[in-house]
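Quick notes on the structure that follows.
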Amino acid sequence: MSIEIPGQGQDAEEVPMDPAVTLELFREWRAPRFGRTNPERMNNPVWEWLIRSKISAFSADEIFDDSACYEGPGWCFDRFGQSSTKLRDGRTVMIAGEHEDFYDSDFYIYNDVVVVHPDSKMDILGYPADIFPPTDSHTATLVGNRIIIIGCLGHPEQRKPGTTPIFIFDIDTLGISKAQTIGTPPGWIHKHTATLEEGGASILIQRGLLVHSGKESSLVENINDWRLHLTDWRWERITERNWQRWEIVRQDGKPNHIWHIRQALWSREFNWEKEFHDEMEKLRVELGASPDLDLLKILYCPAIPHEQMPKVEEEYNVFRNKVDGIVVRYVEDNHSIQMTVEGELPQPTVEVLASDLREKMVILENAPIDMKQL
């Protein structure tokens with residue numbers, strides 16, 4: 001559940017200033033930091049103002065326009081991958097989250113907790129990194145007087161494929177502890193769903209992405225369902241979907257250009273002449289040739305009988321076909337295209353589907369393309 005924070009979405013010049021937030025105080029509290037105890041109360045006028053306004057770190061720096069403000073990432077509450085849990089007494093617990101992406105100077109993954117009371121008072125809680133590491137894209141499930149925090153993407157160096165991080169937030173003490181589990185976990189999972197099952201003795205984990213080898217570029221979909229038994233912290237694997245999955249990547253390891261080629265195609269179809277010219281020129285330089293935009297339109301139209309399925313509105317990068325009644329799903333990102341066969345098809349058919357995709361990508365990228373089974 002979420003809580004409405006006054007000022008959310010405002011530009012920097014529209015944000016009302018808190019008179020308690022002076023330049024000196026902003027300099028003192030501008031940067032993120034870990035707590036020293038479990039927890040450490042870290043309330044201060046600067047962070048409370050940033051929570052209420054929810055402006056970005058960049059916008060906060062702009063307001064104060066001081067040279068000392070541009071050293072490292074700034075603390076802010078403009079985050080994604082943050083959980084928000086409404087308690088029975090009306091408080092809302094918002095846990096960690098991430099600001100911007102790794103290429104931004106204000107990129108930061110937080111490990112704090114903010115508790116907002118019904119009267120708008122708040123507790124800002126920090127934790128040592130070895131107690132609660134930077135956490136984002138997790139789930140938070142309320143179970144009695146605890147919130148069970150499952151999964152995380154985190155920084156590359158903290159990812160441990162094959163393990164699933166679980167932390168427990170105690171509503172009474174506000175402390176955090178790590179859960180020790182047994183059984184076979186899903187792996188290093190994030191962006192999944194967690195459902196408290198009937199009786200409150202277990203949590204069902206579905207969907208999401210898994211870190212396959214510790215590198216951000218090797219994210220694969222979680223296609224199975226898992227149950228965490230809370231009585232003994234035991235993982236149970238519920239499904240065993242032996243779906244064939246293939247990954248199509250550039251042989252040189254560089255990002256692909258699918259998003260930019262789509263931008264060029266959209267510009268052409270909407271007669272955005274300048275945008276089309278600029279995008280095509282950029283692609284020509286990067287690819288060494290002008291991409292075949294019409295080939296992109298049939299990228300997921302294999303040379304075998306198939307039925308194209310309607311797109312799901314919120315899935316902008318997911319495409320589906322039916323082949324002999326079996327769903328074949330394609331998921332694009334800037335590193336790869338993953339093809340998942342959601343059922344059983346004859347092996348020659350699967351190989352035709354994968355090779356058809358690979359051959360088209362070779363032409364679009366004007367580069368060698370690898371095809372590997374996941």
Side-chain angles (χ1 to χ4, degrees), residues 9 11-12 30-34 50 53-83 95-112 129 133-138 151-161 188-191 208-221 247-264 266-267 275 278-287 291 316-318 331-338 364-365 367:
D11 293 331
R30 175 194 172 274
R33 65 196 70 184
F34 294 117
L50 289 169
S53 65
K54 211 174 183 183
I55 61 173
S56 68
F58 176 80
S59 294
D61 285 346
E62 273 195 322
I63 288 174
F64 286 93
D65 192 25
D66 178 70
S67 59
C69 294
Y70 302 99
E71 299 176 2
W75 194 97
C76 74
F77 215 60
D78 176 22
R79 306 179 186 182
F80 58 91
Q82 180 189 67
S83 63
I95 299 174
E98 175 182 341
H99 178 65
E100 292 295 351
D101 284 315
F102 67 93
Y103 50 78
D104 191 280
S105 60
D106 283 311
F107 164 70
Y108 197 82
I109 303 176
Y110 295 84
N111 78 325
D112 53 20
T135 296
D136 61 334
S137 300
H138 54 283
C152 170
L153 177 58
H155 296 290
E157 62 272 14
Q158 76 184 78
R159 301 169 193 166
K160 297 178 181 178
W188 199 268
I189 194 168
H190 66 289
K191 292 187 176 179
L209 296 172
L210 294 163
V211 174
H212 199 244
S213 64
K215 298 179 181 178
E216 189 171 1
S217 61
S218 60
L219 300 178
V220 298
E221 290 181 286
E247 186 176 47
I248 308 296
V249 296
R250 285 180 60 110
Q251 204 172 83
D252 57 14
K254 294 181 179 179
N256 63 49
H257 296 79
I258 292 297
W259 187 85
H260 292 285
I261 297 173
R262 287 202 183 281
Q263 290 294 109
W266 289 333
S267 296
E275 290 82 356
D278 292 347
E279 199 69 63
M280 288 296 287
E281 181 59 24
K282 180 180 178 181
L283 286 166
R284 186 190 65 77
V285 171
E286 293 187 4
L287 298 174
Y316 69 94
N317 62 340
V318 181
V331 180
E332 294 178 355
D333 63 31
N334 63 3
H335 172 76
S336 70
I337 298 175
Q338 291 182 17
L364 284 170
E365 290 290 320

Look at the side chain of [X] and the backbone N and O of [Y], then say whether any donor-acceptor pair between them is shorter than 3.5 Å.
X: Asp104; Y: Asp106; result: yes
X: Arg30; Y: Gly72; result: yes
X: Glu221; Y: Leu209; result: no
X: Gln158; Y: Pro134; result: yes

Considering all heavy atoms of both residues, which atom of [X] and which atom of [Y] are nearest to each other, and what is their separation?
X: Lys254; Y: Asp252; result: N-OD1, 3.0 Å
X: His138; Y: Gly81; result: CE1-O, 3.4 Å
X: Cys76; Y: Ser56; result: CB-C, 4.0 Å
X: Ala96; Y: Tyr110; result: CB-O, 3.2 Å
X: Phe107; Y: Glu98; result: CE1-OE2, 3.2 Å
X: Glu275; Y: Ser267; result: CB-OG, 3.6 Å

Dump the intermediate steps for side chain to side chain contact (heavy atoms under 4.5 Å, CB included) on Asp78 and Ile55, then the final yes or no. CA-CA 6 Å; Asp78 176 22; Ile55 61 173; over 6 Å; no
Pairwise side-chain contact, Val211 with Leu153, heavy-atom cut-off 4.5 Å (strictly under): yes
Does Met280 reach the side chain of Pro291, with side-chain heavy atoms less than 4.5 Å apart? yes
Working to the nearest 0.5 Å, report the span between [atom1] of [X] and [atom2] of [Y].
X: Asn256; Y: Glu365; atom1: CG; atom2: CD; value: 5.0 Å
X: Glu279; Y: Arg262; atom1: CD; atom2: CZ; value: 13.0 Å
X: Arg79; Y: Tyr108; atom1: CZ; atom2: OH; value: 9.5 Å
X: Leu219; Y: His335; atom1: CG; atom2: NE2; value: 9.0 Å
X: Ile337; Y: Glu332; atom1: CD1; atom2: CD; value: 5.0 Å
X: Leu210; Y: His190; atom1: CG; atom2: NE2; value: 8.5 Å

Please test Ile95 against Thr135 for side chain to side chain contact (heavy atoms under 4.5 Å, CB included), starting from the C-alpha separation and ending with a verdict. CA-CA 8 Å; Ile95 299 174; Thr135 296; 5.5 Å; no
Starting from the C-alpha separation in whole Å, work towards a yes-or-no answer on side chain to side chain contact (heavy atoms under 4.5 Å, CB included) for Val331 and Asn317. CA-CA 6 Å; Val331 180; Asn317 62 340; 4.0 Å; yes
Would Asn334 and Trp259 count as a side chain to side chain contact (heavy atoms under 4.5 Å, CB included) if you check the C-alpha gap in whole Å, the side-chain angles of each, and the deciding distance to 0.1 Å? CA-CA 7 Å; Asn334 63 3; Trp259 187 85; over 6 Å; no
Qualifying residues under salt bridge (Lys or Arg N to Asp or Glu O under 4.0 Å), relative to Asp136, sequence neighbours excluded: none
So Trp75 and Phe77, would you call those rings parallel, tilted or perpendicular, with 30° and 60° as cut-offs? parallel
